[in-house]
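Sequence lines set the chain letters: A, B, ... in the order given, protein chains first and strands last, and positions in each chain run from 1. This is a predicted model, so every value here is computed, not measured.
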Amino acid sequence: MSTFSAPKGVPDYFPPVSASFLAVRETLVQAARLAGYGYIELPVFEDTALFARGVGESTDVVSKEMYTFTDRGGRSITLRPEGTAGVMRAVIEHGLDRGQLPVKLAYAGQFFRAEQPQAGRYRQFHQVGVEAVGVDDPALDAEVIAVADAGFRALGLTGYRLELTSLGDATCRPQYRETLQAFLAKLPLDEETRRRAEINPLRVLDDKRPEVRALLTDAPLMVDHLSAESRAHYEQVKGYLNDLGVKFAENPRMVRGLDYYTKTTFEFVHDGLGAQSGIGGGGRYDGLMEQLGGQPLSGVGFGLGVDRALLACQAEGLAPGDVARCDVYGVPLGEAAKSRLVALAAPLRAAGVRFDLAYGGKGLKGAMKGADRSGARFALVLGERDIEAGVVQLKELSSGEQVQVPLADAVNSVLGALGR
RNA sequence: GUGGGUGUAGCUCAGCUGGCAGAGCACUGGGUUGUGAUCCCAGGUGUCGCGGGUUCAAGUCCCGUCACUCACCCCA
């Protein structure tokens, strides 16, 4: 019989790593919650046109990387490649922007891109994101960045840096783009790079090849061509970040792959990860909501990579979450003992104690081994002798110390031993 | 889409100029008829990715193919 494997480029998370995966996701969401972001749960597929119009037809994400299919009603559907467009769709559809602004929302979930997989790059990946919509206040840009930074720090991560720049706005970016294109047109670039210069000239600035970088040392930079408004905005964001104690490095050649970004853009980069080193990124988007048929409101947000943050934790020797899968483990000797321990499971679990026991008629040795492997602090050992005496043996596995407690009062004894 | 690397036990991997398919971990049992993690002993697991070729003989050499992986590209 042939077997199956997961589709290409899709990670499975199972114990014990899955405990860290959950902890990473929860820690990042909690950072947003602490800043007043409300949770929003959205579908993983949307109308294809939402992404085409929101993210931009010319982006690689839309033109080459979307999972798009026709549903049974003949509609073109796409598995979401990013989170912001869907949030904007929901904000507009449900009029969430009609109350007091900003609207602050957080989400967590799967995203899909049909790329060639490699270390840290998956076809299904997980992001935690926030969007703060409706107020163009540089303090909010700084808050969004600070929330991401707080999330990463709460995981214990230290080996990352924050890169920051401004992409300008509708009044200055088009002119800059032409200036840059004129500059690039004079350079001896290969055909593929030349084509890139046509579609997204900013991306050329980010080229990794030293020989190309050398040609670009005198290239005009967006930060030197900002409108007065964007310049002031950028300066204020940096001021607020200093107030918040968030360290950053300016990278005027940073590129984002999504068309909607304006003004503030940022990226968190970890250096223990290989080529796919971005663990999070985001920025402000002035025109997106209007582009999607809503009010002309600006927003700012981020997407943080849960998979990559987990890899970063592993690279730093961190294992967030509880590796133990239970607190107390039952070791029954014989059928009578098993039924007593099975009966204890419900009250123990109801009291919040994670309880498991040895199933399958294991011997004492095997059951004790199960207790050890489960990570439990205590084992409850019960045999015929104990039942006759009305007691159960409560053994602390780390020390090996064992005490007898009354079987009828086992739940309270366990709670006391756990210090609860 | 384009390159490089790797496919051997559940996992991590060794296997030399071709000569009986291996280790550690994990799992099961025993040493200890009621005590795990440590220690000792025993046990089983394989279409050596798949197909073809060379050879007395292929995990090993050759050709093809598939998969995985890293990198370019792109990005979380």
Test: salt bridge (Lys or Arg N to Asp or Glu O under 4.0 Å). Region: residues 405-420 of chain A. Which pairs qualify, not counting sequence neighbours?
A:Asp327-A:Arg420

Taking the six-membered ring of A:Phe111, is the NZ or CZ of A:Arg80 close enough (under 6.0 Å from the centre) and on axis enough (within 45°)?
yes

Close N or O pairs between protein and nucleotides 3-13 of chain B (under 3.5 Å):
none

What stems involve RNA chain B, if each pair must be Watson-Crick or G-U and both of its distances must be under 3.5 Å, with 3 or more such pairs in a row?
B:1-7 with B:66-72, B:10-13 with B:22-25, B:27-31 with B:39-43, B:49-53 with B:61-65

With sequence neighbours excluded, residues passing salt bridge (Lys or Arg N to Asp or Glu O under 4.0 Å) with A:Asp169:
none

Judged by atom type as modelled, is there a donor-acceptor pair below 3.5 Å linking the side chain of A:Gln127 to the main-chain atoms of A:Gly109?
no

Contacting residues from residues 190-209 of chain A, given that a heavy atom lies under 4.0 angstrom of RNA chain B:
A:Arg196, A:Arg203, A:Lys208

For RNA chain B, which residues of residues 367-405 of chain A approach it to below 4.0 angstrom with any heavy atom?
A:Met368, A:Lys369, A:Asp372, A:Arg373, A:Val381, A:Gly383, A:Glu384, A:Arg385, A:Asp386, A:Gln393, A:Lys395, A:Leu397, A:Gly400, A:Gln402

Are A:Lys263 and A:Asp286 close enough for a salt bridge, meaning some N to O gap below 4.0 Å?
yes

Taking atom types as they are modelled, would you say the side chain of A:Lys365 forms a donor-acceptor pair with the base of B:G31 within the 3.5 Å cutoff?
yes

Kindly write out the residues that satisfy salt bridge (Lys or Arg N to Asp or Glu O under 4.0 Å) with A:Arg161, not counting sequence neighbours, or none if the list is empty.
A:Glu163, A:Asp271

Check salt bridge (Lys or Arg N to Asp or Glu O under 4.0 Å) between A:Lys362 and all other residues, then give those that pass, not counting sequence neighbours.
none

Taken in chain and number order and not counting sequence neighbours, the residues that satisfy salt bridge (Lys or Arg N to Asp or Glu O under 4.0 Å) with A:Asp224 are none

Going by heavy atoms closer than 4.0 Å, what residues in residues 113-128 of chain A are next to RNA chain B?
A:Arg113, A:Glu115, A:Gln116, A:Gln118, A:Ala119, A:Gly120, A:Arg121, A:Tyr122, A:Phe125, A:Gln127

Residues within residues 25-60 of chain A bordering RNA chain B, heavy-atom distance below 4.0 Å:
A:Asp60

Near RNA chain B, under 4.0 Å by heavy atom, which residues of residues 250-275 of chain A?
A:Arg256, A:Gly257, A:Leu258, A:Gly274, A:Ala275

